[in-house]
Amino acid sequence: MRDSEGPLLPLLLQLLLLPHVPLHQKPTARETKGEGPNVAPSSSRRWSLGLGLDFDPKLTCENAEPICTHSPTKPVLIFVSSRRQTRLTALDLIQFAASDERPRQFLNMPEEELEMVLVQVKDLSLRHTLQFGIGLHHAGLNDRDRALVEEMFGNNRIQVLVSTSTLAWGVNLPAHLVIIKGTEFYDGKAKRYVDFPITDILQMMGRAGRPQYDQQGKAVILVHEPKKSFYKKFLYEPFPVESSLKDQLHDNINAEIVSGTICNKEDAVYYLTWTYLFRRLVITFLLVSPFLCMLLLGLNMLSQLVVA
């Protein structure tokens, strides 16, 4: 490439004209660092979608069916969007257990031991739900109550734990079944319901599966029908891995100049062809506008003839 003569082509076209570089270069740690979860979850776990036009995360009628189907006796973790929903969901499960004529089917400890535990609990709602083997976990509980619930669930004293999304990040309490009851939460600043970040959904789903006890984990997401296609794609198809080099390209180029790797424009172009960013640019360019690609290549060949 010439520094001072000949037509100036777009950088992408110049990169496309270097066929000697393989297109299967793996991304470096520098390029992919900080990109977040861009790949689908591990296939060693099983994911399910609970879908329905009448689903409303503020209602409490969708909780018992996944438990009966996927985890009738093993630990279950239910994520909800608010403290109020933890209580309502627990009460709904208590009502289900009572209608099934097994009101304490989620409790795995003697009644005498349970009474000793209940005396220590300060929160009235938690004290009530623990009698039926269902725990609550949210920021409104004091430290003693939270620690007690975590210990009981971790030791399989209670089968069901209903929690807000904060548990997904703060405490390691895996379960055989994870139920994500709705993918929205109320944002006080925006004054409306907004979607959970994908990172939060991944963290919640990541609690499914106990390596020392289970061969597989199961996660059920209850979502609105319009969001079915997005979460189905999210669960069963890999997301593209994108390069973040473009955000720090100037720093990388300067570093290579200082180290002596890049001495001129030709070295800079050659350097870029060995990055994952170049692979993504080429693939995206060819997919989005193959006609424009051919046009630019033709114009380049014409310009070379004119220069010659």
Side-chain angles (χ1 to χ4, degrees), residues 56-64 66-67 71-100 102-189 193 196 200 203-204 206-208 210 220 222:
D56 186 344
K58 298 183 287 296
L59 299 179
T60 57
C61 57
E62 299 90 356
N63 310 297
I67 297 177
S71 185
T73 59
K74 294 182 178 181
V76 178
L77 189 55
I78 303 177
F79 286 106
V80 296
S81 60
S82 65
R83 301 179 191 179
R84 179 173 178 269
Q85 277 298 307
T86 61
R87 186 180 75 255
L88 294 178
T89 301
L91 293 177
D92 179 65
L93 289 174
I94 292 173
Q95 183 179 358
F96 162 78
S99 65
D100 198 33
R102 291 185 299 159
R104 299 196 174 184
Q105 59 181 285
F106 302 127
L107 185 64
N108 300 316
M109 59 189 304
E111 188 169 347
E112 297 78 12
E113 186 178 347
L114 175 64
E115 292 296 332
M116 297 177 60
V117 172
L118 294 179
V119 174
Q120 308 175 45
V121 178
K122 300 299 182 182
D123 187 87
L124 296 180
S125 297
L126 177 60
R127 185 185 304 172
H128 173 67
T129 60
L130 283 178
Q131 299 178 54
F132 302 92
I134 302 171
L136 307 179
H137 194 288
H138 53 74
L141 300 176
N142 60 47
D143 294 340
R144 186 182 181 88
D145 284 355
R146 278 203 302 270
L148 181 62
V149 170
E150 292 167 8
E151 187 271 334
M152 294 179 69
F153 184 74
N155 293 329
N156 202 25
R157 295 302 210 180
I158 57 176
Q159 183 186 346
V160 180
L161 180 60
V162 187
S163 171
T164 54
S165 60
T166 53
L167 179 63
W169 293 97
V171 183
N172 183 25
L173 287 177
H176 178 71
L177 170 65
V178 168
I179 301 174
I180 302 176
K181 187 183 172 188
T183 58
E184 297 179 343
F185 70 99
Y186 186 78
D187 188 337
K189 293 182 179 180
Y193 281 90
F196 278 115
D200 285 7
Q203 282 291 326
M204 297 178 198
R207 300 302 178 185
R210 301 173 300 165
V220 175
L222 303 177

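We count residues from 1, following the sequence as given. These numbers were taken from a predicted model, which means no experiment stands behind them.
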Nearest heavy-atom pair of [X] and [Y]: which atoms, and what distance?
| X | Y | result |
| --- | --- | --- |
| Ala97 | Phe106 | CB-CE1, 4.3 Å |
| Lys189 | Asp187 | N-OD1, 3.0 Å |
| Val162 | Thr86 | CG1-CA, 3.6 Å |
| Phe153 | Pro75 | CZ-CB, 3.9 Å |

Enter the distance from [X]:[atom1] to [Y]:[atom2] here, rounded to the nearest 0.5 Å.
| X | Y | atom1 | atom2 | result |
| --- | --- | --- | --- | --- |
| Thr183 | Met204 | OG1 | CE | 9.5 Å |
| Leu124 | Leu126 | CG | CG | 9.5 Å |
| Asp145 | Asn142 | CG | CG | 4.0 Å |
| Lys181 | Leu222 | NZ | CG | 8.5 Å |
| Leu118 | Leu148 | CG | CG | 9.0 Å |
| Leu93 | Ile134 | CG | CD1 | 4.5 Å |

message: Taking side-chain contact (heavy atoms from CB on, under 4.5 Å) as the criterion, tell me which of Val117, Leu161, Leu107 meets it with Met152.
response: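 Single side-chain contact (heavy atoms from CB on, under 4.5 Å) partner of Met152 among Val117, Leu161, Leu107: Val117.
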For Arg102, salt bridge (charged side-chain N to carboxylate O under 4.0 Å, His left out) partners two or more places apart: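 In terms of salt bridge (charged side-chain N to carboxylate O under 4.0 Å, His left out), with neighbours along the sequence ignored, Arg102 is linked to Asp100.
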- prompt: Is the backbone of Ile67 close enough, under 3.5 Å, to the side chain of Ser71 for a donor and an acceptor to pair up by distance?
  reply: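 Not at all, since once roles are kept as given, no pair shorter than 3.5 Å links the two residues.
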message: Between Phe79 and Arg207, is the side-chain contact (heavy atoms from CB on, under 4.5 Å) condition met? List the steps.
response: CA-CA 11 Å; Phe79 286 106; Arg207 300 302 178 185; 4.2 Å; yes
Contact check, side chains of [X] and [Y], non-hydrogen atoms, under 4.5 Å:
| X | Y | value |
| --- | --- | --- |
| Ile179 | Leu77 | no |
| Leu136 | Val149 | no |
| Ile94 | Arg104 | no |
| Leu130 | Ile158 | yes |
| Tyr186 | Ser81 | no |

message: Listing request: all side-chain hydrogen bond (donor to acceptor under 3.5 Å, both in side chains) pairs with a residue in residues 121-141, at least two apart in sequence or in separate chains.
response: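 Sorted result for residues 121-141: His137-Glu150.
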- request: If a pair satisfies side-chain hydrogen bond (donor to acceptor under 3.5 Å, both in side chains) and one of its residues is in residues 152-161, list it, with sequence neighbours excluded.
  value: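 As it turns out, the side-chain hydrogen bond (donor to acceptor under 3.5 Å, both in side chains) pairs with a partner in residues 152-161, which skip direct neighbours, are Glu113-Arg157, Glu151-Asn155.
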field: CD/Glu111: more than 12 non-hydrogen atoms of other groups inside 6.0 Å
entry: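 No, the 6.0 Å shell around CD holds no more than 12 heavy atoms from other groups.
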Sub-6.0 Å ring centroid separation between Phe196 and Phe185: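 Yes, ring centres under 6.0 Å apart.
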